[in-house]
Amino acid sequence: MKFLPLIWAALWRKKARTIFTLLSILIAFLLFGMLQGVNAAFSATIDRANVNRLMVTSSTAFTESLPYSFMAQIAQVPGVALVSHQSWFGTYYQDPKNFVFSFAADPAGLIKLYPEVHLPSEQLDAWVRTRTGAVIGSDLAKQYGWKIGDRVPLHSVIWTKAGGSSDWTFDIVGIYTTPDNPGRGNRFFFNYSYFDEARAFDKGRVGWYVVQVRDPRASAEIAAAIDKLSANSTDETETKTEKEFQQSFLKQIGDINFIVTRILFAVFFALLFATGSSLMQSVRERVPELAVLKTVGFTDGAVLWLVLAESLLLCVLAAVLGLAAAAALFPALKETIGVVTLPPVVIVEGVVIAVLLALATGLLPAWRARQLNIVDALAGR
Amino acid sequence: MASVSGQILAVTANNLRNVPQRWGISAVIVIGIAVTVAVFVSVLAMAAGFGKTLANTGRADRAIVLRGGSQSELASTMTRDNALTISDAKGVRRAADGKAIASAEMVAIISLAQKKTGTKANVTLRGVGPKAFELRPEIKITQGRMFQPAVREVIVGRAALTQFKGLDLGSHLTFHDSEWTVVGIFDSNGDSHESELMADNETLLSAFRRNLFQDVIVLLESPQAFDAFKDALTTNPTLSVDVKRETEYYAEQSKQVNKLLFFVAYVVGGIMAVGAVFGALNTMYSAVSSRSLEIATLRAIGFGALPVVCSVFVEALALALIGGLLGALAAWIFFNGNSVNTLGANFTQVVFQLTVTPRLALTGILLACLIGIIGGSFPAIRAARLPIAAALRAG
């Protein structure tokens with residue numbers, strides 16, 4: 001620690017070079033934070049998936065509906081604690097740009113199955129009582145200024161009513177919050193009974209079932225038992241854990257991880273050169289100074305550590321600044337990825353990479369400093 | 001005393017000859033810029049490829065008719081009566097047998113295992129009417145034969161075949177408890193239909209136990225006939241439909257993905273470019289500092305500041321240009337023609353190819369030059385202001 005001022009002074013020996021190197025590293029870690037943050041946010045959705053829940057969808061594709069009659073059959077399968085269903089409604093509010101993630105659901109079942117969704121019990125009661133009632137997330141309420149008691153018209157791109165109209169009106173009766181996952185407050189849930197009664201086609205069917213199992217270790221057997229119910233029927237099901245379902249869902253968009261890794265690999269490859277050459281140059285210019293240090297009693301090892309510490313200080317300092325900038329900018333991405341904060345794991349990864357970068361770029365110059373022969377160095381040979 | 005341009009040439013040429021001696025530090029600028037340009041060009045190549053695939057799908061003399069307000073084929077529904085009315089409307093081209101060249105289509109999604117990952121992904125299964133291949137002459141069977149009506153047979157697009165398992169000629173597909181045979185493979189001019197499966201619409205409707213089509217595609221008498229056709233449909237009180245030119249429909253479908261890719265290209269590319277500027281500044285400042293004795297000597301024997309400034313600029317630009325060329329070349333070698341897939345409008349996979357166009361490569365090289373100019377400017381000023389006497393003494 002007592003050498004910190006010495007290391008600090010050596011670092012700022014050539015101000016411009018250090019600043020530019022620092023900024024290059026900072027930029028690389030800013031990118032790392034943003035890209036890896038997006039990546040981590042997507043996998044967080046998967047990690048956050050509840051291990052107790054299974055998704056039952058049509059084996060043809062998850063957009064195909066399933067008969068409502070499966071509900072009672074699935075409930076009978078041993079190990080199933082709860083079963084409920086949802087249907088994708090596909091709506092926008094006033095303008096196609098204002099897409100609303102809306103689902104027809106069974107109120108009581110939904111709240112029991114998703115303990116992470118907090119809804120005051122009197123609002124749940126009101127939802128059960130109100131045929132056209134809807135419960136919305138707090139973010140959605142904020143976005144359009146909707147409050148309890150409002151009557152909201154939505155246009156469904158899929159579902160028409162018996163008369164041919166695609167416009168549906170709902171009464172907001174509750175606003176839910178998801179304190180553990182702030183990104184999820186953008187959904188719109190309403191009564192399936194209203195939906196099924198009013199729609200023009202596909203009556204008596206639901207989008208998918210959500211099942212809660214008693215013992216997650218038995219998930220595979222329970223899933224197989226559920227799929228067996230409909231085997232060789234026209235509505236075969238495919239049951240997956242919530243995690244598997246979300247994984248396959250995200251994979252469809254494209255391999256985000258693959259693209260992010262490629263870009264970051266390229267960035268750090270360039271950075272390795274930039275930092276490495278700047279450190280090498282710095283040591284080359286300081287040969288006489290390092291020789292003086294050795295003359296006054298610094299051991300070879302101490303000189304090696306001094307140079308290495310310099311590289312560590314530079315890289316870690318720049319990385320922390322870059323990651324801090326990424327953390328500050330990250331909330332701007334909320335609209336696109338639905339996550340508000342940079343996942344802490346990314347910051348930890350970033351610092352580890354900074355240390356590795358410092359070692360990779362610092363080792364060669366440090367070794368060179370260690371090998372210096374005092375007499376030759378002072379003589380300028 | 002030589003002319004100013006002579007001085008510029010002499011100093012610049014001499015400097016460029018010496019660049020290889022500083023290759024270590026010069027590599028920083030080259031690699032930094034090459035990497036930036038490679039990332040920038042590849043992401044834009046993705047957008048270009050996706051746009052091209054969707055643009056190819058549309059023709060100005062074809063129109064797509066969806067239920068009003070439904071936005072995409074998958075969300076739309078269309079009754080038989082409505083489909084008939086639409087096919088018979090004014091402006092629709094007639095075939096030799098007098099029937100309208102139109103196809104009432106059913107669009108379903110089936111999920112199949114991908115070859116690359118083994119995980120399932122959605123593929124479009126399109127049920128088409130008897131006139132569908134007069135409607136889309138670009139579709140050509142390359143292997144096997146066309147499906148027969150009333151038989152459970154499908155034909156598979158070239159891109160779908162490469163992306164999904166179990167679609168080879170003669171293989172069987174099972175969905176909704178019905179078994180289908182792949183009887184043909186088709187090409188479709190590289191458009192998004194190549195990522196699809198096609199079958200007879202009536203046979204498919206019965207397998208899915210549906211009685212609604214999704215939409216109707218018609219061939220118009222000419223691109224100009226569109227307005228008359230649209231007016232005929234929108235003024236018909238029995239219909240509530242959205243009528244779009246196919247070109248317009250597919251351009252809208254690519255908007256979302258393109259917006260995202262452009263965002264990535266310009267934000268990530270922009271941040272990387274800033275990083276490359278810092279690298280370039282570092283390189284050029286150290287180049288100037290290593291040349292300080294040379295520069296001071298030149299100034300002392302009567303060379304002006306301009307030739308020195310020019311030599312720094314040219315060095316920065318030359319290195320940036322090498323970096324830009326390397327980056328564009330790398331993007332072209334590694335990524336041009338690579339197949340990528342993502343979700344399209346029907347929530348199904350669309351396969352497209354990264355296309356590094358000469359224009360994109362040029363954009364990348366221009367970006368490189370911009371980085372070089374910024375990275376060269378401040379060091380050039382420093383070189384011009386170098387205190388001659390001090391530099392000579394220090395040397």
Side-chain angles (χ1 to χ4, degrees), chain A residues 14 16-17 19-28 30-31 34-35 57-64 90 92 96 155-160 164 166-167 200-202 232-236 238 247-248 251-255 259 262-263 266-267 269-274 276-278 280-281 336, chain B residues 24-25 27-28 31-36 38-39 42-43 67-72 74-77 108-111 114 117 119-123 175-178 207-209 211-212 240 260 263-264 267-268 271-272 274-276 278-279 281-283 285-286 289 340-343 347-349:
Chain A
K14 278 237 165 150
R17 180 167 59 214
I19 286 175
F20 291 134
T21 311
L22 189 115
L23 287 172
S24 305
I25 304 174
L26 190 153
I27 290 282
L30 168 70
L31 265 182
M34 302 288 273
L35 292 177
T57 58
S58 162
S59 70
T60 305
F62 69 81
T63 46
E64 290 289 309
Y92 59 81
H155 180 97
S156 174
V157 296
I158 308 171
W159 302 105
T160 49
S166 299
D167 294 310
F201 54 93
D202 223 23
N232 300 322
S233 82
T234 55
D235 287 301
E236 282 193 18
E238 183 169 297
Q247 252 163 356
S248 67
K251 273 230 178 89
Q252 299 229 16
I253 300 172
D255 203 339
I259 296 173
R262 282 288 173 96
I263 294 180
V267 169
F269 176 73
L271 190 63
L272 219 52
F273 271 85
S277 78
S278 140
M280 202 65 195
Q281 221 184 349
T336 12
Chain B
I25 192 79
V28 173
I31 292 171
I33 289 176
V35 162
T36 306
V39 168
S42 335
V43 179
R67 190 190 66 219
S70 53
Q71 295 178 328
S72 74
L74 191 65
S76 174
T77 48
I109 295 182
I110 59 171
S111 110
Q114 285 173 285
T117 56
T119 52
K120 283 186 164 185
N122 292 341
V123 55
F175 44 83
H176 281 305
D177 201 30
S178 62
F208 275 77
R209 283 169 182 69
N211 50 20
L212 293 171
S240 158
L260 182 74
F263 178 81
V264 172
V267 171
V268 173
I271 296 177
M272 287 181 73
V274 173
F278 293 134
L281 283 170
N282 230 351
T283 305
Y285 270 126
S286 78
S289 111
V340 194
N341 48 278
T342 189
L343 279 186
F347 221 82
T348 50
Q349 296 290 316

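A note on names: the letters A, B, ... follow the listed sequences, proteins ahead of strands, and every chain is numbered from 1. The figures that follow rest on heavy atoms only: side chains count, while hydrogens, waters and symmetry mates do not.
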Which bit of Ser24(A) is near chain B, if near means a heavy-atom gap under 4.5 Å: side chain, backbone, both or neither?
both

Locate the shortest heavy-atom distance separating Val123(B) from Thr348(B); write the atom from each residue and the value.
C-CG2, 3.5 Å

With chain A, the option among Leu343(B), Val43(B), Val28(B), Ile25(B) that has the most non-hydrogen atom pairs under 4.5 Å is Leu343(B)

Against chain B, label Leu30(A) side chain, backbone, both or neither, depending on which of its atoms sit under 4.5 Å from a heavy atom there.
side chain

What part of Ser289(B) lies closer than 4.5 angstrom to a heavy atom of chain A: side chain, backbone, both or neither?
side chain

Please examine the side chains of Lys120(B) and Gln114(B), heavy atoms only from C-beta on, and report whether any two atoms are closer than 4.5 Å.
no

At a 4.5 Å cut-off on heavy atoms, which part of Ile25(A) comes close to chain B: side chain, backbone, both, or neither?
neither

Name the orientation class of the two ring planes belonging to Phe278(B) and Phe20(A) (parallel below 30°, tilted from 30 to 60°, perpendicular beyond 60°).
parallel

Heavy-atom pairs under 4.5 Å with chain B: which of Glu64(A), Glu238(A), Glu236(A), His155(A) has the most?
Glu64(A)

Gln71(B) versus Val157(A), closest heavy-atom pair with distance
OE1-CG1, 3.4 Å

Looking at chain A, which one of Val268(B), Leu74(B), Thr119(B) has the largest number of heavy-atom pairs inside 4.5 Å, strictly under?
Val268(B)

Contacting moiety of Ala274(A), where chain B heavy atoms sit under 4.5 Å:
both

Applying a strict 4.5 Å limit to non-hydrogen atoms, the region of Gln247(A) in contact with chain B is neither

Nearest heavy-atom contact between Gly32(B) and Ala270(A) is CA-CB, 4.0 Å

Chain A contacts, top residue of Ile110(B), Leu212(B), Thr283(B) (heavy-atom pairs, under 4.5 Å)
Ile110(B)

Between CD1 on residue Ile33(B) and CD1 on residue Ile31(B), distance to nearest 0.5 Å:
11.0 Å

Residue, of Ala34(B), Gly69(B), Ala108(B), Gly279(B), that accumulates the most heavy atom pairs under 4.5 Å with chain A:
Gly69(B)

Using the side chain to side chain donor-acceptor pair (under 3.5 Å) criterion, which residues pair with Asp177(B)? Sequence neighbours excluded.
none

Counting only heavy atoms closer than 4.5 Å, note whether Ser233(A) contacts chain B via side chain, backbone, both or neither.
backbone

Against chain A, work out which of Thr36(B), Val39(B), Val264(B), Ile271(B) has the most heavy-atom pairs shorter than 4.5 Å and name it.
Ile271(B)

Sequence neighbours left out, what passes side chain to side chain donor-acceptor pair (under 3.5 Å) with Thr77(B)? Give chain and number order.
Arg67(B)

Please give me the minimum heavy-atom distance between Ser59(A) and Ser111(B), naming the atom from each residue.
O-OG, 4.3 Å

